[in-house]
Every structure is written in structure tokens, then in C-alpha cells.
Amino acid sequence: MENSNVIVEKSLSFAIEIVKFCESLEANKKYVIARQLLRAGTAIGANVFESQHAESKADFVHKLKIAVKEANETVYWLKICEAVETYPYLSSLNEKAVELIRIISKIILTCKRQ
């Protein structure tokens with residue numbers, strides 16, 4: 001990783017956990033939710049990573065806003081897993097997604113103030 005960037009590392013680590021969780025969803029034949037969650041959960045880190053090579057401050061903020069949207073969608077799919085008793089659920093994933101939303105939102109606010 002370039003210069004140990006905390007948000008890049010946290011979002012990558014989260015994406016890896018999402019991939020593993022989605023494998024367990026697929027093992028339980030929960031393919032539709034697995035696909036949606038996999039796409040949203042890994043897109044957070046992809047957008048954070050892309051933001052590190054943004055063309056401008058506006059581009060940087062835009063990519064981070066997309067990451068927050070994907071994180072919110074991830075929370076949505078995790079809530080479905082929590083609500084349906086036949087689905088596996090990990091509360092730690094929800095907590096980490098909410099933490100990513102908080103951190104990325106704070107970065108966006110700080111950037112806008114500068």
C-alpha cells in the first residue's frame with residue numbers, strides 16, 4: 001500500500017470480508033443477495049482506491065461520495081440478511097460498513113472545508 005493509507009486499507013479489508021461472506025451466502029443458495037452485496041461491498045474500496053488518483057479535488061470528493069453511496073447500499077443488503085432468519089448474518093460487517101461511512105463522510109467534509 002502507498003504510504004499506509006488507513007481508509008484504503010480499511011475498505012480493502014472490508015471488501016475481502018464481504019467476498020468471504022458472499023461465498024457463504026452462495027453456499028446457502030442465496031445468489032441474488034450475494035451478487036448485490038458483493039457488488040456494493042467491493043465497490044466501496046474500488047472507489048476509495050480510485051479517489052487516491054483523482055484528477056482534481058472535485059473528482060476526489062465525487063469518488064468518495066460514490067463510495068459512501070455504495071456503503072449505504074451495503075448496509076441495506078446486510079439488513080435484509082439480518083431480517084430474514086434463513087440468511088447468514090454477521091453484525092460485524094454492518095458495524096464496519098457504518099464505520100466506513102463515518103470515516104469517508106468526515107474526509108469529504110474536511111476536503112470541502114479546505
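In what follows, residues are counted from 1 in the order of the sequence shown. The shown structure was predicted, so the numbers you read here are calculated from the model rather than taken from an experiment.
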Going hydrophobic residue to hydrophobic residue with side-chain gaps under 4.5 angstrom, can you get from Ile66 over to Leu12?
no
Between Phe49 and His53, the two heavy atoms sitting closest are O-CD2, 3.6 Å
Can you see which heavy atom on Pro88 is nearest to which on Cys81, and at what distance?
O-CB, 3.4 Å
Mind checking whether Leu25 and Tyr87 have side chains closer than 4.5 Å, heavy atoms only?
yes
With a 3.5 Å distance limit and no angle check, can you tell me whether Ser51 reaches the backbone of Val48 through a side-chain donor-acceptor pair?
yes
Roughly how far, to the nearest 0.5 Å, is the CH2 atom of Trp77 from the CZ atom of Arg39?
8.5 Å
Spacing of Ser105 atom OG and Asn72 atom CG [to the nearest 0.5 Å]
7.5 Å
Considering residues, nucleotides and ligands other than Lys57, do more than 12 of their heavy atoms fall under 6.0 Å from its NZ?
yes
CD (Glu55) and NZ (Lys63) are apart, to the nearest 0.5 Å, by 6.5 Å
Just how far is it from atom NE2 of His62 to atom CD1 of Ile108, taken to the nearest 0.5 Å?
11.0 Å
Nearest 0.5 Å, what's the SG-CD distance between Cys22 and Glu17?
11.5 Å
Least distance between heavy atoms, Glu26 atom then Tyr31 atom
O-CE2, 3.6 Å
Any chance you could lay out the side chain to side chain contact (heavy atoms under 4.5 Å, CB included) test for Val84 and Ile33, step after step, and finish with the verdict?
CA-CA 11 Å; Val84 180; Ile33 300 295; over 6 Å; no
Run the numbers on Glu70 and Asn47 for side-chain hydrogen bond (donor to acceptor under 3.5 Å, both in side chains), then give the verdict.
CA-CA 9 Å; Glu70 296 292 350; Asn47 282 286; 5.0 Å; no
Any donor-acceptor pair under 3.5 Å linking the side chain of Ser24 with the backbone of Phe21?
yes
Min side-chain heavy-atom separation Phe60-Gln52 under 4.5 Å:
yes
Distance-minimising heavy-atom pair for Leu38 and Thr42
O-OG1, 2.6 Å
Within the 4.5 Å heavy-atom criterion, are Val68 and Leu64 side-chain neighbours or not?
no
Looking at Leu93 and Phe14, what are the two nearest heavy atoms and their distance?
O-CE1, 3.3 Å
Under the 3.5 angstrom rule, does the side chain of Ser13 hit a backbone N or O of Glu9 as a donor-acceptor pair?
no
As an exercise, state the distance from CD1 of Ile18 to OG1 of Thr74, rounded to the nearest 0.5 Å.
6.0 Å
What are the two closest non-hydrogen atoms of Lys112 and Val61, and how far apart are they?
CE-CG1, 4.1 Å
State, yes or no, whether a side-chain contact exists between Lys10 and Lys96 at a heavy-atom distance under 4.5 Å.
no
